[in-house]
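To start, the structure itself, in structure tokens.
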Amino acid sequence: METLLENDVMIDENISQIMDWDSLTFSIYPTKSMFIAECDENGEWRTGNLVPYGDIKLSPAAGVLNYGQGVFEGVKAFRSSKDRIVFFRLEKNAERFYTSCERVCIPPVPVELFMKAVENVVKDNSDYVPPNGKGSLYIRPVAWGTGPVLGVKPAPSYTFLVYVSPVGPYFKNGVKPLNLKVTNRYHRAAPKGIGNAKAIGNYSASLYPRKLAINEGFDEVIYLNAADENLVEEVGSANLFALKGNVLKTPRLAGSILPGVTRNSALFLAKEELGLDVQETDLTLDELLNADEAFCTGTAVVISPIGRISTDDAPYVIGDGNTGKVTSQLREMILGIQSETTKDKFGWIKPLNS
Ligand code: COI
């Protein structure tokens, strides 16, 4: 296989002695290796292999660079309290990756190849999985149109790559309740667009609104639906939930919402374990602003409480501005399952090498 590698990266020898596990943030830390597989004009993915982590070489006419033909996933591996490395609902990410590929005309990466690639990278980089309770190994599978293309059409060839980085909390203030800005100047995704796929274009659309919000002192942006700006959709990097009394609502998967794995887990746990009335439905801005509790969910953010939300007109405090009881319960349940301090009643944990 022709490798896309350009420069190898120096690898630290005694990772666990060198790493400051207490200071992890959500950022890139170069590791030992990454996985690369290629797909030719016939649409067949080759087996792929591990190569040293490093830069890659691309044609300037690559489909991903010119027309954004790319998708990705976010997965985490945890060193659990049983001192083994585990994945949380990995097959869900593999299935979503498959459908995201289909949406942007990338030959879908078979679920088995996805799982095997992720497992092999994590095994080879196991020294970089933080100690239990100190963070996780974030896994970033990507599929890109890497063949050259000039007209607007699918690229002639593709690359599936998986790299990893040890990470800590996604937001700079850890789990402190978030301060979010509602925007009605920008939309994240259009109805019938690519909002329900983990396509890279959705994230480039969110960069500018995010920059404006960060400059104003907010943590992230809440997007409204493009059709009439009456309903809330997502936070740029996560799904959104609002609790009022016993009713927990999250925007329904109507085409522009990402079907989050943590979203799905929170819905399940809220219903089965907490007995809440769980609704995937329309969620109005008014309902969100008047919620008893609000939080966002995602692999990167886990379950992050929302303390304040500002519109152009006024700032609002959600509940008493602190992390709500249900938000804490759901966060603890998910972290407990991921760290194997809580029994995995639902078969969500898959140990590495099982
Ligand atoms: C994740 O939650 O893993 C994501 O992919 C969201 C974000 C970091 C882009």
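As the structure is a prediction and not an experimental result, all values here were calculated from the model. Indexing begins at 1, ligand by ligand and atom by atom, following the structure's order.
With no hydrogens or angles considered, a side-chain donor-acceptor pair links Tyr203 and Lys198 at under 3.5 Å. A side-chain donor from one of Thr159 and Thr146 sits under 3.5 Å from a side-chain acceptor of the other. Counting only N and O atoms by type, the side chains of Asn264 and Arg89 include a donor and acceptor under 3.5 Å apart.
Residue-level proximity to ligand 1 for Arg140 is carried by the side chain, the only part with a heavy atom below 4.0 angstrom.
Atom 9 (C) of ligand 1 has Tyr203 CE2, 3.6 Å as its closest protein atom, hydrogens excluded (heavy atom only). From the protein, the heavy atom lying nearest to atom 1 (C) of ligand 1 is Tyr138 OH, 3.4 Å. When only non-hydrogen protein atoms are considered, atom 7 (C) of ligand 1 lies nearest to Ser237 CB, 4.1 Å.
Remark: distances from the non-hydrogen atoms of Lys198 to ligand 1 include one below 4.0 Å. Ligand 1 does not have Glu73 within reach: every non-hydrogen atom of the residue lies 4.0 Å or more from it.
Against a heavy-atom cut-off of under 4.0 Å, Tyr170 is close to the following atoms of ligand 1: 8 (C). Less than 4.0 angstrom separates some heavy atom of Ala300 from each of these atoms of ligand 1: 1 (C), 2 (O), 3 (O), 8 (C).
Applying the 6.0 Å contact sphere to CZ of Arg140 captures more than 12 heavy atoms from other residues, nucleotides or ligands. Within 6.0 Å of CZ in Arg331 there are more than 12 heavy atoms belonging to other residues, nucleotides or ligands. Sparse packing is recorded around NZ of Lys176, with 12 or fewer heavy atoms of other residues, nucleotides or ligands lying under 6.0 Å away.
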